[in-house]
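Okay, so here's the structure we're looking at.
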Number of protein chains: 4
Amino acid sequence: MGTKELILEKALKLFSEKGIKETTVRDIAKAVGITEGAIYRHFESKDQIVYDLFGRYSEELYEKLEKAMEKQTDREAKFKEAVKIFLEFAFRNPDAFRFMNIFHYLRGKEVRKFRKIPFQLLRDLILELHKEGVLRTEPEYALATLTGTLERVFLYKSMGILKGSRKEIKERTAELLWKALAECGS
Amino acid sequence: MGTKELILEKALKLFSEKGIKETTVRDIAKAVGITEGAIYRHFESKDQIVYDLFGRYSEELYEKLEKAMEKQTDREAKFKEAVKIFLEFAFRNPDAFRFMNIFHYLRGKEVRKFRKIPFQLLRDLILELHKEGVLRTEPEYALATLTGTLERVFLYKSMGILKGSRKEIKERTAELLWKALAECGS
Amino acid sequence: MGTKELILEKALKLFSEKGIKETTVRDIAKAVGITEGAIYRHFESKDQIVYDLFGRYSEELYEKLEKAMEKQTDREAKFKEAVKIFLEFAFRNPDAFRFMNIFHYLRGKEVRKFRKIPFQLLRDLILELHKEGVLRTEPEYALATLTGTLERVFLYKSMGILKGSRKEIKERTAELLWKALAECGS
Amino acid sequence: MGTKELILEKALKLFSEKGIKETTVRDIAKAVGITEGAIYRHFESKDQIVYDLFGRYSEELYEKLEKAMEKQTDREAKFKEAVKIFLEFAFRNPDAFRFMNIFHYLRGKEVRKFRKIPFQLLRDLILELHKEGVLRTEPEYALATLTGTLERVFLYKSMGILKGSRKEIKERTAELLWKALAECGS
DNA sequence: CATGAATGAGGTTTCATTCAT
DNA sequence: TATGAATGAAACCTCATTCAT
């Protein structure tokens with residue numbers, strides 16, 4: 001792996017563990033095994049690393065969700081597939097997922113600078129399902145339940161509160177959310 | 001209001017807007033209208049302000065939840081009351097609620113130092129309802145949906161995504177979660 | 001005891017234990033049982049406390065030495081009496097003695113502002129004895145041995161290295177120094 | 001000379017002239033010709049500079065004394081050599097010697113953290129000579145006279161009170177102390 | 001006389017960034 | 001590309017002193 005990739009990888013891990021401001025350029029350099037100055041051969045600034053990471057993983061999740069949803073024609077399958085893809089990404093890239101949440105939390109306003117925000121896709125999905133009458137819960141509430149539950153499922157899994165294989169968790173969560181929002185909606 | 005209370009108030013606002021590390025003691029002092037040194041007559045350190053705030057609001061929400069739940073004997077009423085009290089607190093103290101989330105996110109390990117963590121009460125409630133057979137969804141998933149939805153409902157309300165009066169939102173959320181977790185559980 | 005005296009007493013203790021710069025006005029106020037501001041009712045500044053203390057104890061020792069030496073006509077008795085008075089003062093006022101040494105060490109140049117420096121008397125004594133042929137050691141060396149030994153005897157006594165009653169120590173030290181400098185001098 | 005050595009050298013000078021607390025990191029940086037921040041690339045903290053200096057010079061004097069004393073078999077020569085080595089060190093490293101005294105005075109409790117304290121060697125020497133009957137003065141008093149005189153001889157020399165070449169002073173002091181403690185002891 | 005909040009200067013330390021090598 | 005010393009701004013904190021009460 002190139003040094004640049006290594007920097008991104010180590011920075012991501014540190015950002016997700018300690019926070020962005022709490023991670024110094026020196027921390028990153030030490031984790032990579034180079035010195036501080038060398039970081040600046042690859043990135044203009046610390047913030048550039050942050051932006052690169054956020055943009056890269058946002059886009060990756062966005063495209064995975066987009067691709068997966070395109071394949072499905074059935075509404076239920078589409079919804080459940082979105083949930084699974086989302087959790088699959090979080091389980092596979094826990095540091096990235098945590099980092100993205102931190103970025104959203106503390107620097108939410110800067111999110112606008114990016115295109116391909118996964119949240120947009122989930123919102124569109126919910127709106128679409130609602131328009132088609134499949135999802136009778138108001139879309140704003142549905143969105144809150146969907147995104148909130150997804151984030152917490154990831155969190156509780158990484159904290160060891162939620163047991164079970166990834167597959168089981170993904171399927172159970174998809175099932176639960178579908179029931180809650182579509183079948184049970186009022 | 002005393003200077004100490006003013007410091008806590010302004011610090012809370014800044015922490016919730018910019019993050020903890022991102023807020024300097026000077027920022028707080030300026031917001032209060034005093035100099036940095038004066039802060040230290042009231043608090044030993046910046047961290048002490050953070051701890052005071054987290055402890056204070058954790059406890060407040062904890063006790064409100066506890067008191068409200070004690071009053072209810074009916075399972076459904078108890079659950080819904082918990083949801084409403086929780087959201088009521090978040091709506092009334094948006095800075096505190098945001099701040100508590102930030103603290104949990106970035107300094108989760110330090111949460112152990114505190115007693116009276118609202119999360120504990122919600123977990124106990126879920127476990128109790130589950131034991132009594134009211135809540136057929138597995139408790140870990142139910143907890144994820146409950147806490148995740150609550151946080152997002154607050155977030156979307158403060159972002160303007162969720163419209164409606166506080167009362168409407170609280171009741172709708174309570175209804176929705178009860179349906180999702182109790183009536184609809186599988 | 002008046003507040004002013006109490007301030008001097010507590011300040012002396014703290015200065016001798018921790019050093020002058022290392023002792024804060026707040027430390028002193030706390031030890032006295034008043035607040036910082038009150039100190040300034042009695043002293044213009046922290047430095048004024050330092051000066052008062054140095055002046056006061058310098059003068060006290062100076063006058064004790066002077067008075068005692070005036071009484072003696074015999075050379076040997078005069079020398080030994082000086083040693084004993086000196087040690088007696090140090091044993092009775094260990095904080096003052098330590099403080100004076102610290103002041104000499106770190107702010108030696110300011111000593112010139114004071115009259116009645118005990119060191120002057122010891123030097124005069126040595127010079128006088130030397131002029132009279134009693135003390136054949138060169139006066140500069142004799143002075144070094146005299147003052148150095150006195151300081152160390154005090155130090156080792158307060159550290160518990162030197163055992164024995166004050167009386168024994170005073171007499172033994174006087175004897176030893178007289179032998180070393182007068183009888184044994186070369 | 002490397003920056004690290006330069007920092008140690010300038011810090012030593014300032015510490016010995018003004019005291020440790022009285023010397024700021026900025027003072028040191030200015031003396032070296034760099035900025036404050038640069039100090040911290042070489043030392044973790046100001047205190048680390050203090051410890052490095054004390055450890056370094058303690059050890060140096062310790063080892064010089066040890067080596068010199070090992071060579072001598074004759075009791076008198078051994079004692080006198082110790083005196084001379086000690087003064088030689090003080091004359092050659094006046095800043096270090098003053099600094100070590102200040103450290104002992106104000107932070108004596110921290111001395112325990114160091115091994116190879118020259119004082120230990122002098123104490124052992126005195127005890128040994130006493131056990132062998134060469135030194136009839138009680139060892140505690142002998143130690144007081146020895147260490148006190150050495151310190152004062154250095155002090156008076158640097159103040160210009162004691163005239164003469166280093167060699168003369170060293171020999172005279174060794175002679176004087178030997179007479180006082182060994183030949184003259186009672 | 002005393003309080004204690006506040007000031008303001010200055011202390012130690014941190015850190016993103018630059019730059020000569 | 002990389003090093004690592006250095007900068008400079010700014011962070012947190014301390015403390016002698018002042019002042020309204």
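Naming: A, B, ... by sequence-line order, numbering from 1 per chain.
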_Tyr105(B) and Tyr105(A) aromatic ring geometry - parallel, tilted or perpendicular at 30°/60° bounds_ = tilted
Extract from the structure each pairing of a protein N or O with an N or O of nucleotides 3-5 of chain E at less than 3.5 Å, listing the distance.
from   : atom 1 : to       : atom 2 : distance (Å)
dT3(E) : OP2    : Thr35(C) : N      : 2.9
dT3(E) : OP2    : Thr35(C) : OG1    : 3.2
dT3(E) : O5'    : Thr35(C) : OG1    : 3.4
dA5(E) : N7     : Arg41(B) : NE     : 3.1
dA5(E) : N7     : Arg41(B) : NH1    : 3.4
dA5(E) : N7     : Arg41(B) : NH2    : 3.4

*Please report, rounded to the nearest Å, how far the P atom of dG8(F) is from the CZ atom of Arg26(D).*
12 Å
*Distance, rounded to the nearest Å, where Lys4(C) contributes NZ and dA2(E) contributes C1'*: 16 Å
*asked:* Give the residues of residues 5-22 of chain B touching DNA chain F, defined as any heavy atom closer than 4.0 Å, sorted by residue number.
replied: none
*Rounded to whole angstroms, how far apart are CD1 on Ile49(A) and C1' on dA16(E)?*
11 Å
*Between Phe43(C) and Lys4(C), is there a cation-pi geometry (under 6.0 Å to ring centre, at most 45° from the normal)?*
yes
*Looking at Phe89(D) and Ala96(D), what are the two nearest heavy atoms and their distance?*
CZ-CB, 4.5 Å
*asked:* Below 30° counts as parallel, above 60° as perpendicular, anything between as tilted: where do the rings of Phe99(B) and Phe15(B) land?
replied: parallel
*asked:* Quick one, Ile20(D) with Arg107(D), criterion side chain to side chain contact (heavy atoms under 4.5 Å, CB included). Give me CA distance, side-chain angles, the key distance, then yes/no.
replied: CA-CA 10 Å; Ile20(D) 297 168; Arg107(D) 303 173 63 173; 4.0 Å; yes
*For the pair made of CG in Asp27(C) and P in dC15(F), what is the distance, rounded to whole Å?*
7 Å
*Take the protein atom CD of Glu44(B) and the nucleotide atom C1' of dT14(F), then report the distance between them rounded to whole Å.*
13 Å
*Could you tell me whether Lys18(C) atom NZ has more than 12 heavy atoms of other residues or ligands within 6.0 Å of it?*
yes
*asked:* Given dA11(F), dC15(F), dC13(F), identify the nucleotide with an atom nearest to the side chain of Ser45(B).
replied: dC13(F)
_dT17(F) OP1/OP2 closer than 4.0 Å to side-chain N/O of Tyr40(C)_ = yes
*Take atom NZ of Lys30(D) and atom C1' of dG10(E), then tell me their distance rounded to the nearest Å.*
12 Å
_Watson-Crick or G-U pairs under 3.5 Å in DNA chain F, rendered as dot-bracket with [ ] for crossing pairs and | for another strand_ = .||||||||||||||||||||
*Take the protein atom CD of Gln48(B) and the nucleotide atom C1' of dC12(F), then report the distance between them rounded to whole Å.*
15 Å
*Answer yes if the ring centres of Phe54(D) and His104(D) are under 6.0 angstrom apart, and no otherwise.*
yes
*Return the minimal non-hydrogen interatomic distance between Ile7(C) and Ile34(C), and the atom names on each side.*
CD1-CD1, 4.2 Å
*Whole angstrom is fine here: how far is it from CG in Asp47(D) over to C1' in dT12(E)?*
11 Å
*So, Ser16(B) side chain and Lys13(B) main chain: donor-acceptor pair closer than 3.5 Å or not?*
yes
*Counting only N and O atoms by type, is there a donor-acceptor contact under 3.5 Å from the side chain of Lys10(D) to the main-chain atoms of Lys30(D)?*
no
*Does CD in Glu5(C) sit with more than 12 non-hydrogen atoms of other residues, nucleotides or ligands closer than 6.0 Å?*
yes
